[in-house]
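The structure appears below as structure tokens.
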Amino acid sequence: MYNTLSRQKELFQTIRPGKVGIYLCGPTVYKPAHIGHMVGPVIFDAIKRYLVYCGYEVTWVVNITDVDDKLIQQSRERGIPMFQVATEMTMDYMANLRSLGVDQIDLMPRATENIEEIIRFIATLIERGFAYASEGDVFFDVARDPGYGKLSNRTAESQQGEGGGAASRKRSPGDFALWKGAKPGEPSWPSPWGEGRPGWHIECSAMSRRILGETFDIHGGGLDLMFPHHENEIAQSECCHGQPMVRYWLHNGLIKAGIESGKVGGRSAREEEQAAIDDKIGRSKGAGGLADLIERQGGERIRFFLLRTHYRSSFVFTEEAVAEAGTGLETFTRLIERFQRITGDDFYDPAKLPLIRQRGQGEIADLSHELLREVAARRTAFLAAMDDDFNSGAAISELFELVRGLNKYADQYELEQPDKAVAERVSAFRRGAQTLRELTAVLGLFRSAPKSAATGAGSSELTGNLIELLIQLRAEARAKKEFATSDQIRQKMAALGVLLEDRKGQTEWRIGS
RNA sequence: GGCGCCGUAGCCAAGUGGUAAGGCAGUGGAUUGCAAAUCCACCAUCCCCGGUUCAAAUCUGGGCGGCGCCUCCA
């Protein structure tokens, strides 16, 4: 995996045999989540699934920052207590995670529930001479840390700036707050340095130590957190403990808000392109509405969209791109439906198609079989891609190839024709589909039947019955070779968003466009 | 100014020394009463100019272009 600290890929070796500790910087819960907040959780959700699949015992921690200047400001603007803002936005965040299938997080500690640990941490830093109290605040003394800047490749001396509003209380501008003295009316906790609250960075050092230990395996977060946040975490933890904080630092790329090209008019193409890139998504005005986006596109599409691109890449986000990814997803859902037609079994039901959860158990035994040899090759390539810095995009390309192989096989041997399908071939097809199930589960995709894509679902019983009636009438017209009538029925249904697909023996329908 | 990233087909995107994955869109074909779905085929020499090498999209030097951080933004 690529380690930001060394700026190169390194072989993954755990600190304790078979166990992995992962800490991902979570959100400051002051506003509803946007798509950018989901990149880290989705990729790390897949990373954890993959590591577990490979046999590791993984503990994944995502913190919730529930005390902060921005929270205090929101609290004032809305006239409600800070904890209420935090609770509300934490619920929003977690609901979005659920929608995207992120359910692998083991612990979500909150800063305000770890104040004592934080205070102890700060006290140790002061004792050891790495921090100093100053008029109710406590600052980290950057000059005392010779290693400062190693993550972001900066030096303490090179730090510009005046040190912000607290400059007069700092020894040098680059010093950062560990503890902030409370101003009147601000939420605060008692401490040896007076009433106050934790600085931004200290909670991560304190909580990761409490849960994962003084040195742990993987620390993740957005690229934008590398400096100053992660740099300061390292400074705090390593000065406090005298040992490395983290083995591997992983940083995901950022998302910029893109405006749908069709909506920008009256300018030259180039200007339009410029204008379409609004700014980093977190700052852009029109970027919100993650819940709405999920409502429109569905969590699976967004998850697939995010996993298609390498996690270290930054890119421009548009809903068009999500929809396009969704078109690609249908290749998979159609194959899954085909599996159900051929075998009569529910792809998602582990009683019918056992889910392989361990890497060692998924090996294909029969490499002499024309289909299974292909399946095994795709599986190997998929795993190789994931082994190489979690290259989920390259891995997904192998899944497309796997599906193509299965479709080809089903076409070639007419597996959908009960009178022509050979049991041995259906069995091989089933085994291939099982590998698809195994590998998509590693990415957290296709874990259950989609809510709206499946035939009939998402509509009322009455609607379904009416559609079946129309299909029946059309079938009668077709039987009489009245194709003008049958085509008219199909076209008008399509205009209403009901797409028909004739198969041998029967007609299926789906909602689509 | 300091630190860092990027420039691959119409669009998105993998690939970091051995002769260009995959997706979307498109074209032709098989299949279909016609469609849809599926399958087959086609669709790039990798921003530009030098250098290293038997061999470079991949390494190196320069140029042009785009972007991020240095502002408590994932």
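Bear in mind that the values here come from a model prediction, so they are computed numbers and not experimental data. Values below: every heavy atom of this structure, side chains too, minus hydrogens, waters and symmetry copies. Residue numbers begin at 1 in each chain, while the letters A, B, ... track the order of the sequences.
Note: A:Y2 and A:Y248 fail the aromatic proximity criterion, with ring centroids not under 6.0 Å apart.
Going from the P atom of B:rC5 to that of B:rC59 covers 12 Å, rounded to whole Å. When the C1' atom is used for both B:rA55 and B:rG2, the distance is 38 Å, rounded to whole Å. Distance noted for atom P between B:rA21 and B:rC42: 12 Å (whole Å). Rounded to whole Å, the separation between the C1' atoms of B:rG66 and B:rU8 comes to 15 Å. For the P atoms, the distance linking B:rA9 with B:rU58 amounts to 15 Å, nearest Å. B:rU19 and B:rU31 have their C1' atoms separated by 37 Å, given to the nearest Å. Rounded to whole Å, the C1' atom of B:rC11 lies 14 Å from the corresponding atom of B:rC43. For B:rG15 and B:rG33, the C1' atoms lie 46 Å apart once the distance is rounded to whole Å.
Annotation: of the two residues near RNA chain B, A:T331 and A:L225, the 5′-most nearest-nucleotide partner is A:T331. Toward the 5' end of RNA chain B, the nearer of the two residues A:G328 and A:V403, judged by each one's closest nucleotide, is A:G328.
Looking at A:K9 and A:D389, no side-chain N of the basic residue comes within less than 4.0 Å of a carboxylate O on the acidic one, giving no salt bridge. In summary, A:R341 and A:E508 engage in a salt bridge, as defined by a charged side-chain N under 4.0 Å from a carboxylate O. A:R378 and A:E374 are joined by a salt bridge, as a carboxylate oxygen and a charged side-chain nitrogen come within less than 4.0 angstrom of each other.
Seen from the ring of A:Y409, A:R425 does not count as a face-on cation partner, given the 6.0 Å and 45° thresholds.
Using a 30° and 60° split on the angle between ring planes, A:F305 and A:F315 fall in the perpendicular class, above 60°. Using the six-membered ring where Trp is involved, A:H230 and A:H251 have ring planes that are tilted, between 30° and 60° apart. In this pair, A:Y50 and A:F390 present their aromatic rings perpendicular. The plane angle is above 60°, beyond the 30 to 60° band.
Proximity of residues 407-422 of chain A to RNA chain B (heavy atom under 4.0 angstrom from any strand atom) is restricted to A:N407, A:K408, A:D411.
One atom, NZ of A:K9, and another, C1' of B:rU16, lie 8 Å apart when rounded to the nearest Å. Distance A:R503 CZ to B:rA37 P: 10 Å, rounded to the nearest Å. The CD1 atom of A:I342 sits 13 Å away from the P atom of B:rU38 (whole-angstrom rounding). As a whole-Å value, the separation of A:F304 CZ from B:rA14 P is 13 Å. When the P atom of B:rA74 is taken as reference, atom CD1 of A:I105 falls 15 Å away, rounded to whole Å. When rounded to the nearest whole Å, the span between CD of A:E231 and P of B:rU71 equals 13 Å. When rounded to the nearest whole Å, the span between CZ of A:F227 and C1' of B:rC3 equals 10 Å. The CG atom of A:L151 sits 20 Å away from the P atom of B:rG68 (whole-angstrom rounding).
The side chain of A:T309 has B:rA14 as its nearest neighbour among B:rA14, B:rA25, B:rG4. For A:D502, taking side-chain heavy atoms from C-beta onward, the closest of the listed nucleotides B:rC34, B:rU38, B:rC24 is B:rC34. The side chain of A:C25 lies closest to B:rA74, out of B:rG2, B:rA13, B:rA74.
Contact annotation for A:G26: backbone-only contact, meaning every heavy-atom pair under 4.0 Å involves sugar-phosphate atoms and none involves a base. When heavy atoms are screened at a 4.0 angstrom cut-off, A:F176 is found touching no nucleic acid atom at all. Across all strands shown, A:R474 has heavy atoms under 4.0 Å from base atoms, whether or not it also approaches the sugar-phosphate. Within 4.0 Å of A:H201, counting heavy atoms only, lies no atom of the nucleic acid at all. Within the 4.0 angstrom heavy-atom criterion, no nucleotide atom of any strand lies near A:L335. Nucleic acid contact for A:R312: none, since no nucleic acid atom lies under 4.0 Å from a heavy atom of the residue. At a threshold of 4.0 angstrom between heavy atoms, the contacts of A:G221 are confined to the sugar-phosphate backbone, with no base atom among them. Within 4.0 Å of A:S314, counting heavy atoms only, lies no atom of the nucleic acid at all.
Contact between the side-chain N/O atoms of A:N153 and the OP1/OP2 oxygens of B:rG4 is found at a separation under 4.0 Å. Taking only side-chain nitrogens and oxygens, A:S313 comes nearer than 4.0 Å to OP1 or OP2 of B:rA14.
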Nucleotide N/O of nucleotides 19-22 of chain B paired with protein N/O under 3.5 Å:
residue, atom, partner, partner atom, Å
B:rA21, N3, A:S397, OG, 3.1
B:rG22, OP1, A:E401, OE2, 2.8

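Of the candidates A:T112, A:D68, A:D69, A:D69 is the only one forming a side chain to side chain donor-acceptor pair (under 3.5 Å) with A:R197. For the side-chain contact (heavy atoms from CB on, under 4.5 Å) test with A:V29, the passing option among A:D92, A:V67, A:V85, A:D66 is A:D66; the others fail. Screening A:L223, A:I255, A:L254 for a side-chain contact (heavy atoms from CB on, under 4.5 Å) with A:V39, the sole residue that qualifies is A:I255.
Between the side chain of A:R334 and the base of B:rA37, no donor-acceptor pair of N or O atoms lies under 3.5 Å. Residue-to-nucleotide contacts include no donor-acceptor pair under 3.5 Å from the side chain of A:N391 to the base of B:rG15. A donor and an acceptor atom sit less than 3.5 Å apart, one in the side chain of A:R478 and one in the base of B:rG33.
Judged by Watson-Crick or G-U wobble contacts below 3.5 Å, the nucleotide B:rC3 has B:rG68 as its partner. Nucleotide B:rU53 has no partner under the Watson-Crick or G-U criteria, as no pair reaches both atom distances under 3.5 Å. Remark: B:rG26 base-pairs with B:rC42. Criterion, Watson-Crick or G-U wobble with two distances under 3.5 Å.
The distance from atom CZ of A:F83 to atom OG of A:S75, rounded to the nearest 0.5 Å, is 9.5 Å.
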Pair A:R503-A:E501, salt bridge (charged side-chain N to carboxylate O under 4.0 Å, His left out): steps then yes or no: CA-CA 6 Å; A:R503 307 200 182 283; A:E501 296 183 7; 2.5 Å; yes
